Visitor: 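Please see the structure below; I have some questions.
What you see is a predicted model; the values in this text were computed from it and never measured.
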Amino acid sequence: MTYLIIGAGPSGLATARVFKETGLPFQVVECNLDVGGQWLYGAPSSSIYQTTHLISSKTTTAFADYPMPADWPAYPHHTQVFDYLKAFAGHFDLYPSIRFNRAVTRLAQEDGRWQATFDDGTSETYAGVVIANGHLSDPELPAVPGTFTGDLMHAKTYKSPDIFADRRVLIVGMGNTGCDLAVDAVHRAAKVLWSVRGGNHFTPKFLRGRPADEANHKARFVLPRRLRSIVHEAVLGFVVGPPERYGLPRPAHRLYDRTPIVNTLVLQHLGQGDIGLRPPLARLDDDRVIFTDGRADEVDLVLFATGYRITFPFLDEAALKSELNWQAPAPHLYLNIFPPADNNLFVVGMIEGGGIGWPGRDLQARAVASYLTARRDRPVRAAAFRREIGRHCAGPRPADAGPHGIFIDFVDYKRVLGRAIERLS
């Protein structure tokens with residue numbers, strides 16, 4: 001029987017390509033009108049904004065056997081990334097296997113198969129399901145007490161810097177998106193404030209004229225994560241300077257224990273006084289925002305860059321727990337792919353961390369395909385692998401999985417995935 005792949009973004013396309021190569025029958029369903037997922041600018045599920053560029057270089061982001069064009073910039077614009085994904089789907093002849101404008105509204109296991117119900121009311125039965133619809137669609141909005149007479153919005157709905165024109169703006173959040181929005185606002189807004197809570201490390205996009213992230217991928221010798229963090233933090237301290245020199249909180253974690261900020265423009269604007277730094281937001285009061293230090297500012301727009309919740313809207317609460325081993329804030333899976341139940345349900349793309357790129361998604365897809373073919377052709381190896389899954393999922397979530405429960409270190413993770421595939425082959 002056929003396997004269902006939910007989503008035609010990078011993870012879904014990676015899975016479709018691998019299943020096609022492996023000879024596993026599949027069908028992709030995509031709720032939007034084309035491939036791309038997040039990179040389909042303007043789609044309801046997309047969080048891409050007008051000024052979005054890759055924050056990992058094209059060489060580390062692109063699929064290993066399908067590079068981005070040599071004449072493209074090192075960090076392409078989102079329109080180029082979308083064109084690349086369309087070209088990838090065309091090159092590997094994936095379009096005929098994708099059904100567009102078709103959303104899954106419910107997944108339920110019946111008699112060892114999965115029944116998918118779609119938004120047009122129809123249902124189909126599949127041998128298994130690969131969930132590859134991403135985790136950047138359901139905005140996480142903090143509950144801030146008080147009332148506000150201006151505009152409140154989440155970064156998910158932000159599309160253009162035009163909304164900042166001549167307005168007093170507060171950006172809340174210190175992830176890569178928050179930094180991007182602060183920089184966007186500087187060029188249009190009357191005043192820009194930036195509310196931050198914890199600290200983070202800042203890395204430049206370029207070192208000596210080359211993409212800074214390439215060195216990690218080309219290194220002959222891979223240092224253990226902690227030692228790698230210590231060495232690279234020293235380099236950043238020399239090249240960028242410690243965040244606290246710009247008035248930002250000192251990071252409480254090592255460089256490779258969280259996704260770093262790949263944006264030094266925001267530091268430049270802080271140093272120039274273009275952005276006013278503020279502590280966490282405490283409450284709202286008509287046209288004012290009150291911070292935890294008691295300071296108050298009048299603003300017209302509060303823009304929350306506060307991340308996203310991991311959700312699977314097509315699985316009910318009972319199925320989340322029984323089939324996907326849900327342990328808030330995320331499923332507890334082996335390799336962030338395999339639940340403990342041998343139920344033919346898999347997740348590809350549920351990872352967080354700089355440097356994993358789409359080669360990492362490709363490896364995840366190959367791990368799923370390797371398991372399915374091993375279960376068919378090499379049952380002893382598949383059974384041993386299932387025991388690995390069970391042992392991992394019976395234990396606690398790794399302490400270094402980050403606040404969303406899905407953080408991985410790209411160097412370690414790719415190596416672990418590669419070894420898992422070898423054991424199944």
Side-chain angles (χ1 to χ4, degrees), residues 1-38 40 43 45 85 88-89 92-135 137 310-316 318-320 322-326 331 333-351 361-362 364-376 382:
M1 287 186 68
T2 300
Y3 288 87
L4 174 65
I5 300 170
I6 303 176
S11 298
L13 293 177
T15 306
R17 191 270 289 262
V18 170
F19 273 38
K20 185 176 181 179
E21 286 180 353
T22 313
L24 291 166
F26 70 94
Q27 178 186 89
V28 183
V29 294
E30 167 57 53
C31 64
N32 294 315
L33 53 78
D34 207 340
V35 302
Q38 285 293 321
L40 182 55
S45 59
L85 292 171
F88 178 90
F92 291 101
D93 196 28
L94 301 179
Y95 271 104
S97 301
I98 306 172
R99 299 174 71 176
F100 293 106
N101 295 313
R102 190 166 173 82
V104 178
T105 59
R106 184 174 182 268
L107 276 181
Q109 194 177 44
E110 296 183 5
D111 300 323
R113 300 283 188 256
W114 283 95
Q115 184 178 66
T117 303
F118 302 99
D119 53 355
D120 62 359
T122 62
S123 298
E124 294 187 34
T125 302
Y126 299 90
V129 180
V130 179
I131 301 173
N133 63 330
H135 54 89
S137 296
I310 298 172
T311 55
F312 302 90
F314 37 75
L315 288 171
D316 61 32
L320 275 174
S322 63
E323 307 291 358
L324 212 51
N325 197 29
W326 178 265
L333 311 178
Y334 184 49
L335 301 175
N336 287 24
I337 301 171
F338 302 93
D342 189 6
N343 56 8
N344 271 352
L345 185 64
F346 313 94
V347 181
V348 171
M350 195 188 69
I351 43 179
R361 274 75 174 180
D362 180 78
Q364 286 189 309
R366 293 185 186 281
V368 174
S370 296
Y371 170 71
L372 292 175
T373 54
R375 193 174 60 184
R376 181 191 65 202

Visitor: Could you check whether any side-chain N or O of Asn343 sits under 3.5 Å from a backbone N or O of Glu323, counting only pairs where one atom can act as donor and the other as acceptor?
Guide: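 Judged by distance alone, yes, a pair lies under 3.5 Å.
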Visitor: If you define the side chain from C-beta out and look only at heavy atoms, does anything of Phe338 sit under 4.5 Å from Leu335?
Guide: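 Sidechains of Leu335 and Phe338: in contact.
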Visitor: Would Arg102 and Asp119 satisfy salt bridge (Lys or Arg N to Asp or Glu O under 4.0 Å), going step by step from the backbone distance to the final call?
Guide: CA-CA 7 Å; Arg102 190 166 173 82; Asp119 53 355; 5.7 Å; no
Visitor: Look only at the side chain of Glu30 and the backbone of Ala8, and say whether a donor-acceptor pair between them is shorter than 3.5 Å.
Guide: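 Indeed, once roles are kept as given, a pair shorter than 3.5 Å links the two residues.
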Visitor: How many angstroms lie between CG in Asn336 and CE in Met350, if you round to the nearest 0.5 Å?
Guide: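 Separation between the atoms: 4.5 Å.
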Visitor: Test side-chain contact (heavy atoms from CB on, under 4.5 Å) on Asn101 and Asn32; report intermediate values, then the result.
Guide: CA-CA 5 Å; Asn101 295 313; Asn32 294 315; 5.7 Å; no
Visitor: Roughly how far apart are Leu333 CG and Leu345 CG, rounded to 0.5 Å?
Guide: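 It comes to 8.5 Å.
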Visitor: Going by atom types only, do Asn344 and Arg375 share a side-chain donor-acceptor pair under 3.5 Å?
Guide: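 Short answer, yes.
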Visitor: Hey, does Phe88 have a side-chain heavy atom less than 4.5 Å from the side chain of Arg17?
Guide: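 Arg17 vs Phe88: side chains touch.
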Visitor: Given Ile6, which of Val348, Thr15, Leu107 fulfils the side-chain contact (heavy atoms from CB on, under 4.5 Å) condition?
Guide: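 It is Leu107; the other options fail the test.
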Visitor: Which pair of non-hydrogen atoms, one from Ser322 and one from Ala341, has the smallest distance, and what is that distance?
Guide: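 For Ser322 versus Ala341, the nearest heavy atoms are O-CB, 4.1 Å.
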Visitor: Can you see whether Tyr95 engages Asp34 through a side-chain donor-acceptor pair at a distance of less than 3.5 angstrom?
Guide: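 Tyr95 vs Asp34: donor-acceptor pair found between side chains.
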Visitor: Using a 4.5 Å cut-off on heavy atoms from C-beta on, say whether the side chain of Leu372 contacts that of Thr22.
Guide: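 No, every pair of side-chain atoms sits at 4.5 Å or beyond.
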Visitor: Taking atom types as modelled and ignoring hydrogens, do the side chains of Thr117 and Ser123 form a donor-acceptor contact shorter than 3.5 angstrom?
Guide: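 A pair is found: one side chain offers a donor N or O, the other an acceptor, under 3.5 Å apart.
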Visitor: Does the ring of Phe314 carry Arg106 above it, NZ/CZ under 6.0 angstrom from centre and within 45° of its axis?
Guide: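 So Arg106 doesn't make the cation-pi contact.
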Visitor: Find the distance between CD1 (Ile131) and CG (Leu324) and round it off to the nearest 0.5 Å.
Guide: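 Answer for the CD1-CG pair, Ile131 versus Leu324, is 5.5 Å.
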Visitor: Quick one: closest heavy-atom pair of Ala89 and Leu13, and the distance?
Guide: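 It is CB-CD2, 4.1 Å.
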Visitor: Below 4.0 angstrom, N of the basic side chain to O of the carboxylate: do Arg366 and Glu21 qualify?
Guide: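 Answer for the salt bridge query: yes.
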Visitor: Report the C-alpha distance between Gln364 and Ile351 in whole Å, list the side-chain angles of each, state the deciding distance to 0.1 Å, and finish with yes or no for side-chain contact (heavy atoms from CB on, under 4.5 Å).
Guide: CA-CA 10 Å; Gln364 286 189 309; Ile351 43 179; 3.7 Å; yes
Visitor: Show the nearest heavy-atom pair for residues Tyr371 and Ala382, with the distance to one decimal.
Guide: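 Nearest heavy atoms, Tyr371 then Ala382: CE1-O, 4.1 Å.
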Visitor: Return yes if some donor-acceptor pair links the side-chain N/O of His135 with the main-chain N/O of Phe312 below 3.5 Å, else return no.
Guide: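 No.
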Visitor: Could you state the interatomic distance from CG (Leu40) to SG (Cys31), rounded to the nearest 0.5 Å?
Guide: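 Reported value, rounded in 0.5 Å steps: 9.0 Å.
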Visitor: So which atom in Ile310 and which in Pro331 form the shortest heavy-atom distance, rounded to 0.1 Å?
Guide: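 Closest approach of Ile310 to Pro331: CG2-CD, 4.4 Å.
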Visitor: From Leu4 CG over to Phe118 CZ, what is the distance, rounded to the nearest 0.5 angstrom?
Guide: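 So the CG of Leu4 and the CZ of Phe118 are separated by 5.5 Å.
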Visitor: Just checking, any donor-acceptor pair under 3.5 angstrom between side chains of Tyr126 and Gln115?
Guide: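 Gln115 and Tyr126 do not have a side-chain donor-acceptor pair below 3.5 Å.
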Visitor: Can you measure from CD (Gln38) to OG (Ser45) and round to the nearest 0.5 angstrom?
Guide: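 Spacing of CD (Gln38) from OG (Ser45) equals 6.0 Å.
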Visitor: Could you report the tightest heavy-atom contact between Ala116 and Val104, atom names first, then the distance?
Guide: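 In this case the closest contact between Ala116 and Val104 is CB-CG1, 4.5 Å.
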Visitor: Where do Met1 and Thr125 land on the side-chain contact (heavy atoms from CB on, under 4.5 Å) test, with the steps shown first?
Guide: CA-CA 9 Å; Met1 287 186 68; Thr125 302; 4.0 Å; yes
Visitor: Measure from the side-chain N and O atoms of Lys20 to the backbone N and O of Asp93, and report whether any donor-acceptor pair falls under 3.5 Å.
Guide: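 Side chain of Lys20 to backbone of Asp93: a pair is present.
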Visitor: Provide the closest heavy-atom pair for Trp114 versus Leu315 in the form atom of the first, atom of the second, distance.
Guide: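 Closest heavy-atom pair between Trp114 and Leu315: CZ3-CD2, 4.4 Å.
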Visitor: Phe100 versus Val29: any side-chain heavy-atom pair under 4.5 Å?
Guide: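 Answer no - side chains too far apart.
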